Trainee: 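Next up is a structure, given as structure tokens.
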Amino acid sequence: MGISEIIAKWYHEKKRDLPWRKAETPYHIWISEIILQQTRVVQGLEYYNRFIEKYPSVIELANAPLDDVLKLWQGLGYYTRARNLHLTAQKIAFELKGQFPRTYQELLKLKGIGPYTAAAIASIAFKEPVALVDGNVFRVLSRLFCIQMPVDTKAGKQIFEKLAADILDPVKPDIHNQALMELGALICLPKNPACSNCPLIRNCKAHAEKKIELFPVKSGKIKQRIRYYNYLFIRDRDYTYLHKRTGKDIWNSLYEFPLIESDVSMKFHKLSSSQEWFALFGDRKTQVDRYPKTYKHQLTHQILYCTFYYIEVGFTLDSSTDKGLIRIPFNHLSRYAVPRIIEKYIDNLHQEGMF
DNA sequence: AAAGCGGGGGC
DNA sequence: GCCCCAGCTTT
């Protein structure tokens, strides 16, 4: 038996029961693939269920306000995915009359759909014989054939794409592709792989040479950036203020409390004498009646030290629209999509009975 | 070709 | 603490 036959047989016996494997409409496949980009299945599962329930087809998604889509996405990370999902839904619903593009090349033109996702949708939903390459496939193939080329380089990706195409079963590309990924997810794990349960143990070069832990090869390390975020939870009776993030920084399109950022850790007296503080409050009286709470928030490329100040004011911030601030009652807070760290602070306030 | 983009879980 | 997860977009 060839590799493709072996993994197909294994897949039919051992595959997980996942919701997107039931209804194979391109819409369902698409939603699942976007959610699962750089995201573990267990983490994306409930998001997928909620998404399909609220937006059963591309029409409902296209007609939804972007802020609602982002709210549903809250906590999942990589929020560009949600914005592109919405954008592409509108393109399909309104420009393509609800017709999903049916080929790899056409899918690739859509926002948020790159080589992996185009191959996944084309092969799974339309049975087009294209091989997909994701993190699982990198790992399985690098071990199977002892590929020394780093997976995180241009040249490396090309090697793996060619290899994946070579072993593809063109008759059942959907089964083949999913079987290869499932093998990576369940057996050929990054650490402590379950080689004794692997159907390809006789085919695996790395296993034969006892070099499993040496693959896949990666070239680079990423460096971290440290930032200090001073968040101002402003309490004006039952109201507070939010700000919508824009630009190319993290959390684009999400909401947060008014923020004063600095490169170094900032003491309160420094903060309250800063220009940003003055721009918000002027010389008016503020009462900071809570010791600030500081959380460390770890992102892939950044470490954020977020300090939250609870500030009571006896006035309404004027020209707040000019500063990009929106004034909202407390009980509307849950309507806004916010970063996890903001959500955690709000939860904390609830637990302390602050509302 | 490299950097930037979240958050969580396993070890 | 480090690594990785059904990657894509921008520079």
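So that the names make sense, note that chain A is the first sequence line, chain B the second, and so on, each numbered from 1. On a predicted model such as this, the values are computed, not experimentally measured, just so you know.
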Trainee: Separation of Leu141(A) atom CG from dA6(C) atom P, in whole Å?
Mentor: 15 Å
Trainee: Quick one: do Arg225(A) and Asp263(A) make a salt bridge, cutoff under 4.0 Å?
Mentor: no
Trainee: Please state how far atom NZ in Lys191(A) lies from atom C1' in dC4(C), giving the value in whole angstrom units.
Mentor: 9 Å
Trainee: Angle class for the Phe138(A)/Phe160(A) ring planes (parallel below 30°, perpendicular above 60°, tilted otherwise)?
Mentor: perpendicular
Trainee: Indicate, with a heavy-atom threshold strictly under 4.0 Å, whether Arg225(A) touches base, sugar-phosphate, or nothing.
Mentor: nothing
Trainee: Please list each protein N or O that sits under 3.5 Å from an N or O in nucleotides 7-9 of chain B, with the distance.
Mentor:
from	atom 1	to	atom 2	distance (Å)
dG7(B)	OP1	Tyr79(A)	OH	3.0
dG7(B)	OP1	Arg340(A)	N	3.2
dG7(B)	OP2	Trp251(A)	NE1	3.1
dG7(B)	OP2	His297(A)	NE2	2.8
dG7(B)	O6	Thr300(A)	OG1	3.3
dG7(B)	N2	Gln43(A)	OE1	3.3
dG8(B)	OP1	Arg340(A)	NE	2.4
dG8(B)	OP1	Arg340(A)	NH2	2.8
dG8(B)	N2	Arg40(A)	NE	3.2
dG8(B)	N2	Arg40(A)	NH2	3.2

Trainee: How long is the line joining CD1 of Ile35(A) and C1' of dA6(C), in whole Å?
Mentor: 12 Å
Trainee: Using a heavy-atom cut-off of 4.0 Å across all strands, would you classify Arg16(A) as base, sugar-phosphate, or nothing?
Mentor: base
Trainee: Residues from residues 146-158 of chain A sitting under 4.0 Å of DNA chain B, heavy atoms only?
Mentor: Lys154(A)
Trainee: Taking atom C1' of dA6(C) as reference, at what distance in whole Å does atom OH of Tyr48(A) sit?
Mentor: 13 Å
Trainee: Between dG6(B) atom P and Leu70(A) atom CG, what is the distance in whole Å?
Mentor: 11 Å
Trainee: Charged N to carboxylate O below 4.0 Å: is that the case for Lys285(A) and Glu312(A)?
Mentor: no
Trainee: Would you kindly compare Thr80(A) and Asp134(A) by the position of their nearest DNA chain C nucleotide and give the one closer to the 5′ end?
Mentor: Asp134(A)
Trainee: Taking CZ from Arg245(A) and C1' from dG6(B), how many angstroms apart are they, rounded to a whole number?
Mentor: 12 Å
Trainee: So that I can tick it off, tell me whether Glu13(A) and Lys9(A) are bridged by a salt bridge, with the cut-off set at under 4.0 angstrom between side-chain N and carboxylate O.
Mentor: yes
Trainee: Would you kindly compare Asp249(A) and Asn192(A) by the position of their nearest DNA chain B nucleotide and give the one closer to the 5′ end?
Mentor: Asp249(A)
Trainee: Side chains of Asp67(A) and Tyr255(A): is there a donor and an acceptor less than 3.5 Å apart?
Mentor: yes
Trainee: What is the distance, to the nearest angstrom, from the OH atom on Tyr116(A) to the P atom on dG7(C)?
Mentor: 6 Å
Trainee: Starting at CG of Leu189(A) and ending at P of dC11(B), how long is that distance when rounded to a whole Å?
Mentor: 9 Å
Trainee: Does a salt bridge link Glu33(A) with Arg81(A), judged by any charged N lying under 4.0 Å from a carboxylate O?
Mentor: no
Trainee: Does a side chain donor of either Tyr310(A) or Arg235(A) reach within less than 3.5 Å of an acceptor in the other side chain?
Mentor: yes
Trainee: Is Asp249(A) salt-bridged to Arg245(A), going by a charged N under 4.0 Å from an acidic O?
Mentor: yes
Trainee: When you measure from the side chain of Thr117(A), which nucleotide among dC4(C), dA6(C), dG7(C) comes out closest?
Mentor: dG7(C)
Trainee: Among dT10(C), dG6(B), dA6(C), which nucleotide sits nearest the side chain of Lys111(A)?
Mentor: dT10(C)
Trainee: Base, sugar-phosphate, or nothing: which does Trp20(A) touch, judged by heavy atoms less than 4.0 Å apart?
Mentor: base
Trainee: Check this for me, if you would: do Glu60(A) and Lys54(A) make a salt bridge, where the nitrogen-to-carboxylate-oxygen distance has to be below 4.0 angstrom?
Mentor: no
Trainee: Think Gln302(A) has a side-chain N or O under 4.0 angstrom from the OP1 or OP2 of dG6(B)?
Mentor: no
Trainee: Roughly how many Å apart are dA6(C) and dC5(B), using the P atom of each and rounding to a whole number?
Mentor: 23 Å
Trainee: Look at Lys162(A) together with Asp166(A) and state whether they make a salt bridge at an N to O cut-off of under 4.0 Å.
Mentor: yes
Trainee: Out of dC5(C), dA6(C), dG7(C), which nucleotide sits closest to the side chain of Asn136(A)?
Mentor: dA6(C)
Trainee: For DNA chain B, which consecutive runs of 3 or more Watson-Crick or G-U pairs (each distance under 3.5 Å) count as stems?
Mentor: B:1-5 with C:7-11, B:7-11 with C:1-5
Trainee: Does this structure show an ion pair linking Arg50(A) with Glu53(A), if we count only N-O contacts that are shorter than 4.0 Å?
Mentor: no
Trainee: With a 3.5 Å cut-off and no angle check, do the side chains of Tyr231(A) and Glu256(A) form a donor-acceptor pair?
Mentor: yes
Trainee: Looking only at atom P, what distance separates dC8(C) and dG8(B), rounded to whole Å?
Mentor: 22 Å
Trainee: Between Lys218(A) and Asp152(A), is there a salt bridge with N-O shorter than 4.0 Å?
Mentor: no
